[in-house]
Amino acid sequence: MGFMICVTFAIAFGVILYRISIKAALHMSTYPVARSNIRATVKTTAAIINLIVIIILDEIYASIARWLTTLEVPKTDKSFEERLIFKTFILKFVNAFTPIVYLAFFRGRLVGRPGNYLYVVGSYRMEECAHAGCLMELCIQLCITMLGKQLIQNNLFEIGIPKLKKLVRKRKSELTSKQEEELNKTLKCYEKDHFLGPFVGISPEYMEMSEYHFWKGFFNMPQPK
C-alpha cells in the first residue's frame with residue numbers, strides 16, 4: 001500500500017511539472033491565441049488530467065486492494081469485507097484528494113523567497129498562486145472531479161459497461177429475441193440468476209454514497225464572512 005501511495009504522489013508531482021512546463025511554453029509561444037488566456041488553459045487541462053488519472057487509478061487500486069485482501073486469507077466474510085473496505089478507502093482517499101490538498105494547503109507556499117527561489121527541472125520556478133489566491137483553481141479542480149466522477153465513473157462503469165456486456169452476450173447467443181423470451185418463461189428464478197453478472201459486494205455502493213455525501217457537505221459549507 002505504501003508503494004501505491006508513493007505512486008499517487010509521484011503522479012501528482014508529474015501534473016505539477018506539466019502545469020509549470022506548459023505555462024512556460026505558452027508564455028514563449030508566438031501565437032496570440034495561445035497567449036490570450038494562459039491561466040484558464042493550464043488550470044482546465046491540469047484538472048482534466050487529474051480527473052483521468054483519478055478514474056484510472058481508482059479501478060486499478062480497487063483490483064489491487066481485493067487481490068491483497070485475498071492474499072491475507074481472512075477466516076470469515078466479515079473480516080474479508082472489513083479489510084477490503086479499509087484498503088480501498090485509504091487508497092481511493094489518497095488518490096482523489098492529493099491534488100485537492102496540494103492546491104488548498106501547499107501551492108504557493110513552496111516557492112521560496114526573493115533571491116532564493118525554489119526551482120524544479122532546471123530553471124523552472126515552482127508554481128505560485130494568482131494574485132487573488134488559489135481558490136478559483138481549487139474550485140475548478142473540485143467541480144471537474146466531482147462532475148467527471150459522477151458522469152463517467154458512476155454512470156459509464158455502472159450502467160454503460162453492464163449494458164455493453166449484455167449486448168455482447170446477445171450477439172454471441174444463437175437464439176433470437178423471441179426464442180430468448182420463450183426460454184425465460186420456462187426458466188426458474190435460480191436458473192435466471194445463473195446468467196447474471198458476478199456479485200462484487202456492496203462496498204462499492206457504500207463508497208459511492210460516502211463520496212456523494214462528502215461532496216454535498218463540502219459545497220454546502222458556510223462561507224467565511
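As a basis for the values below, the full set of heavy atoms in this structure was taken, side chains included, without hydrogen atoms, waters or symmetry mates. Along the sequence shown, residues are numbered consecutively beginning with 1. Quick caveat: nothing in here was measured; it's all calculated off a predicted structure.
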Q.
Let me confirm one number: the CG-CZ distance from Leu103 to Phe97, rounded to the nearest 0.5 Å.
A. 13.0 Å
Q: Examine distances only and state if a side-chain atom of Thr44 and a backbone atom of Thr41 form a donor-acceptor pair shorter than 3.5 Å.
A: no
Q | Nearest non-hydrogen partners of Arg19 and Ala46, listed with the distance | A | CG-CB, 3.5 Å
Q.
So which atom in Thr88 and which in Leu84 form the shortest heavy-atom distance, rounded to 0.1 Å?
A. OG1-O, 2.7 Å
**Q.** Nearest-0.5 Å distance, CD1 of residue Ile52 to CG of residue Leu57
**A.** 11.5 Å
Q. Shortest non-hydrogen contact from Ile5 to Ile90?
A. CD1-CG2, 4.3 Å
Q: For residues Ile54 and Asn95, report the shortest heavy-atom separation together with the two atoms involved.
A: O-ND2, 3.0 Å
**Q.** Hphob cluster co-occupancy, Phe9 + Leu91, side-chain heavy atoms under 4.5 angstrom
**A.** yes
Q) Do Thr69 and Phe86 have side chains that get closer than 4.5 Å, going by heavy atoms? A) no
Q.
Working to the nearest 0.5 angstrom, can you tell me the gap between Trp67 CH2 and Ile64 CD1?
A. 8.0 Å
Q.
So, taking the atom named CG in Leu51 and the one named SG in Cys143, what distance separates them when rounded to the nearest 0.5 Å?
A. 12.0 Å
Q. Honestly curious: do Ile55 and Leu164 fall in one hydrophobic cluster under the side-chain, below-4.5 Å linking rule?
A. no
Q | Contact summary for Met4 and Tyr61, nearest pair of heavy atoms | A | O-OH, 2.9 Å
Q. Are Leu71 and Val73 connected in a single hydrophobic cluster, I mean Ile/Leu/Val/Met/Phe/Trp/Tyr linked by side-chain heavy atoms less than 4.5 Å apart?
A. no
Q) For the atom pair OG1 (Thr98) and CZ (Phe106), what is the distance rounded to the nearest 0.5 Å? A) 10.0 Å
Q: Tell me, please, which residues at least two apart from Ser63 pass side-chain contact (heavy atoms from CB on, under 4.5 Å).
A: none
Q | Within-4.5 Å side-chain heavy-atom neighbours: Asn50 and Ile100 | A | no
Q.
I need the Ile22 CD1 to Leu17 CG distance, nearest 0.5 Å.
A. 12.5 Å
Q: For residues Arg83 and Lys87, determine if any side-chain heavy atom of one lies less than 4.5 Å from a side-chain heavy atom of the other.
A: yes
